[in-house]
Peer 1: 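Please find one structure pasted underneath; my questions will follow.
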Amino acid sequence: MIKKETNYNDIYNYKNSRHFIETVKEARRYDAEQKKGLVIFAGACQSYFEAIILAGANFASSPARILIDFLDPLILARKVATTDEHVYITIEDFEKELRDGKKGINGIGAKGKKSIIFI
């Protein structure tokens, strides 16, 4: 957020959120062609959370417009990477591991990416 601004629904009150939004849209276009099942986390401290989610991100920061802990995106990525591909993950599955819980990161969820290969 730009200092002293209070209108959370105006994209021009955010320094970088429009770039996150365009990147998420482009990643979703790529994924539609490649069918890779991307799990997208986007945003940074004080991002326009709602617009990033509407653009197609699975998870984004920062619904409460707060400064997030630098480890929180890594905790999310670890959870997605180590969860079986047949399991759907929501924020409730790991929110207690995040410093600020749902205030720092939230989203719609995603399928895990861990696949077990039997030989």
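All values reported here derive from a predicted model rather than from experimental measurement.
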Peer 1: Any chance you could measure D69, atom CG, to C45, atom SG, to the nearest 0.5 Å?
Peer 2: 9.0 Å
Peer 1: Which salt bridge (charged side-chain N to carboxylate O under 4.0 Å, His left out) pairs, counting each pair once, include a residue from residues 52-63, with sequence neighbours left out?
Peer 2: none
Peer 1: Please name all residues satisfying side chain to side chain contact (heavy atoms under 4.5 Å, CB included) with R29, sequence neighbours left out, ordered by chain then number.
Peer 2: K25, E26
Peer 1: Can you name the closest pair of heavy atoms from G56 and V24 and give their distance?
Peer 2: C-CG1, 3.5 Å
Peer 1: With a 3.5 Å cut-off and sequence neighbours excluded, list the donor-acceptor pairs that the side chains of residues 93-100 form with protein atoms.
Peer 2:
{"from": "D93", "atom 1": "OD2", "to": "T90", "atom 2": "N", "distance (Å)": "2.8"}
{"from": "E97", "atom 1": "OE1", "to": "R78", "atom 2": "NH2", "distance (Å)": "2.2"}
{"from": "R99", "atom 1": "NH2", "to": "L67", "atom 2": "O", "distance (Å)": "2.7"}

Peer 1: To the nearest 0.5 Å, what is the distance between OH (Y88) and OG1 (T83)?
Peer 2: 12.5 Å
Peer 1: Do I53 and I21 land in one hydrophobic cluster if side-chain heavy atoms of ILVMFWY residues count as linked below 4.5 Å?
Peer 2: no
Peer 1: Do F20 and I11 share a hydrophobic cluster (ILVMFWY, side-chain heavy atoms under 4.5 Å, transitive)?
Peer 2: yes
Peer 1: How would you list all residue pairs meeting salt bridge (charged side-chain N to carboxylate O under 4.0 Å, His left out) that involve residues 31-59, not counting sequence neighbours?
Peer 2: R28-D31, E50-R65
Peer 1: Pairs under 3.5 angstrom only: tabulate donor-acceptor contacts from the side chains of residues 102-119 to other protein residues two or more places apart or in another chain.
Peer 2:
{"from": "K102", "atom 1": "NZ", "to": "E92", "atom 2": "OE2", "distance (Å)": "2.7"}
{"from": "K113", "atom 1": "NZ", "to": "G37", "atom 2": "O", "distance (Å)": "2.4"}

Peer 1: Give, for atom CG of D10 and atom CG of N13, the distance between the pair rounded to the nearest 0.5 Å.
Peer 2: 4.5 Å
Peer 1: Go through Y30 and L38 one step at a time and tell me if the side-chain contact (heavy atoms from CB on, under 4.5 Å) criterion holds.
Peer 2: CA-CA 9 Å; Y30 168 82; L38 290 178; 4.2 Å; yes
Peer 1: Testing the basics here: between F59 and I91, what is the closest heavy-atom pair and its distance to 0.1 Å?
Peer 2: CE2-N, 4.3 Å
Peer 1: To the nearest 0.5 Å, tell me how far S61 OG sits from I68 CD1.
Peer 2: 4.0 Å
Peer 1: May I ask you to check whether over 12 heavy atoms, not counting those of F70, lie within 6.0 Å of atom CZ?
Peer 2: no
Peer 1: Identify the two heavy atoms, one from I52 and one from S47, that lie closest to each other, and give their separation to 0.1 Å.
Peer 2: CD1-CB, 3.8 Å
Peer 1: Please identify each residue that fulfils ring pair (Phe, Tyr, Trp, His ring centres under 6.0 Å) with Y48, with sequence neighbours left out.
Peer 2: Y14
